[in-house]
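Naming: A, B, ... by sequence-line order, numbering from 1 per chain.
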2 protein chains.
Amino acid sequence: MEFKDNIPIYLQIEQYLYQQIVQGQLPAGTKIPSVRRLAVDLTVNVNTVQRALQQMNANGILITKRGEGNFVTEDEALLAKTKQHLLDVELQHFTEQMRQLGVKRDHLVEILTHYLEEYTDDR
Amino acid sequence: MEFKDNIPIYLQIEQYLYQQIVQGQLPAGTKIPSVRRLAVDLTVNVNTVQRALQQMNANGILITKRGEGNFVTEDEALLAKTKQHLLDVELQHFTEQMRQLGVKRDHLVEILTHYLEEYTDDR
DNA sequence: ATGAGTGTTATAGTTAACTAGTACACTCGG
DNA sequence: CCGAGTGTACTAGTTAACTATAACACTCAT
């Protein structure tokens, strides 16, 4: 995994895990890879992984069982709420950025549609 | 001006200036505030302002006249291209993030529309 | 020429992010 | 019980971002 510069790695790891979870690659109740495993896979230090997990743990999205590992919560309501929150954050960020670039709300959908048409390709 | 944590100040300043320019608050050819003025206004060090300007200068969007100040380029084509680029960056980032959250392209417009309706308020 | 206003550069110090390495504590299957 | 696998914690060191401060160089109006 390559990381963008200018944004802390531990936040990118956190985001990566959130994505894995809301997308279902890491379903509710599953054990996520160990911190050492993640550290190797992400070519990152154990401490950095740990830091990424702390926030998620505090949020209740991850349950830590000492000596066993970290598990995705089985609280489906929390998972749904989390996903919605992640979507809202992106939507809020996007609309705010576009506003600051001088795009009126009325034009937002139009611009997005146009963009999507223009880049019909992969991604 | 308040800065977000977790993202370098000089980048936020750069972004701020880009926005001022593409929105027309800083029209083509105008002199932007001096580095010392900006440093005070943004409650930031001169060096940090300097760093923010360097990239914009390299991009040709700002013209530096030693002893006089920094001026917005008069190259309208470059300005237009820059604005389009900023929009594209946001659009690309948004669609990519939504994709990673499991949102299909077909649903993107729908979700955005729904979001805009839900938050009819200010901002 | 001088002074005010400008960009430029350099030094030194602080802090947050990250790494490397080590050690400790817990759980579970054998 | 023991060893492998796990999370946790601590120390030490590096680097990038940022600050504070100062000095230098240029331009222009007076």
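Within 4.0 Å of B:D5, counting heavy atoms only, lies no atom of the nucleic acid at all. Residue contacts for B:N57: at a heavy-atom cut-off of 4.0 Å it reaches no nucleic acid atom on any strand shown.
Residues A:D75 and A:I61 fail the side-chain proximity criterion, which asks for heavy atoms closer than 4.5 Å. With a 4.5 Å cut-off on side-chain heavy atoms, A:N6 and B:I7 do not count as touching.
As a whole-Å value, the separation of A:L62 CG from D:dG7 P is 11 Å. Whole-Å rounding puts the B:Q54 CD to D:dC18 P distance at 13 Å. Here the P atom of nucleotide C:dA17 and the CZ atom of A:F3 are 15 Å apart, to the nearest Å. Following rounding to the nearest Å, A:L38 (CG) and C:dC18 (P) show an atom-to-atom distance of 15 Å. Distance CG (A:L11) to C1' (C:dA16): 12 Å, rounded to an integer number of Å. In this structure, CZ of B:R37 is placed 15 Å from C1' of C:dA4, rounded to the nearest angstrom. Rounded to whole Å, atom P of C:dA16 lies 12 Å from atom CG of B:N6. Here the P atom of nucleotide D:dT21 and the CD atom of B:Q50 are 19 Å apart, to the nearest Å.
Here the closest non-hydrogen pair linking A:R105 and B:L116 is NH2-CD2, 3.6 Å. Taking every heavy atom of both residues into account, A:F3 and A:Q12 meet most closely at CA-OE1, 3.5 Å. Taking both residues in full, the closest heavy atoms of B:N59 and B:L78 are given as O-CD2, 3.9 Å, listed atom of the first, atom of the second, then distance.
Considering only side-chain atoms of B:Y10, the nucleotide from D:dT21, C:dT8, D:dA17 that sits closest is D:dA17. The side chain of A:V44 lies closest to C:dT19 when the candidates are D:dA20, D:dA17, C:dT19. For A:V35, taking side-chain heavy atoms from C-beta onward, the closest of the listed nucleotides D:dT19, D:dT8, D:dC18 is D:dT8. Considering only side-chain atoms of B:N70, the nucleotide from C:dG7, C:dA20, D:dT8 that sits closest is C:dG7. Proximity note for A:V46 (side chain, C-beta onward) versus D:dT8, D:dT19, C:dG7: the nearest is D:dT8. The side chain of A:N45 sits closest to C:dT19 out of D:dG7, C:dT6, C:dT19. Considering only side-chain atoms of A:I9, the nucleotide from C:dA17, D:dT21, C:dC18 that sits closest is C:dC18.
The side chain of B:N47 contributes no N or O atom lying less than 4.0 Å from OP1 or OP2 of D:dT21. The phosphate of D:dC18 has neither OP1 nor OP2 within less than 4.0 Å of any side-chain N or O from B:T48.
The main-chain N or O of A:Q100 is found under 3.5 Å from a side-chain atom of B:Q23 such that the two form a donor-acceptor pair. A donor-acceptor pair is defined here as one N or O able to donate and one able to accept, closer than 3.5 Å; such a pair exists between the side chain of A:T95 and the backbone of A:L91.
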- Message: Using a 4.0 Å heavy-atom cut-off to protein, can you give one letter per nucleotide of nucleotides 22-30 of chain C, 5' to 3': B if the base is in contact, S if only the sugar-phosphate is, - if neither?
- Response: -B-SBSS--
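Nearer to the 5' terminus of DNA chain D, by closest-nucleotide assignment, is the contact made by A:T64 (compared with the other of B:R51 and A:T64).
Residue A:I21 is not grouped with residue A:I63 when hydrophobic side chains (ILVMFWY) are merged at heavy-atom distances under 4.5 angstrom, including chains of intermediate members.
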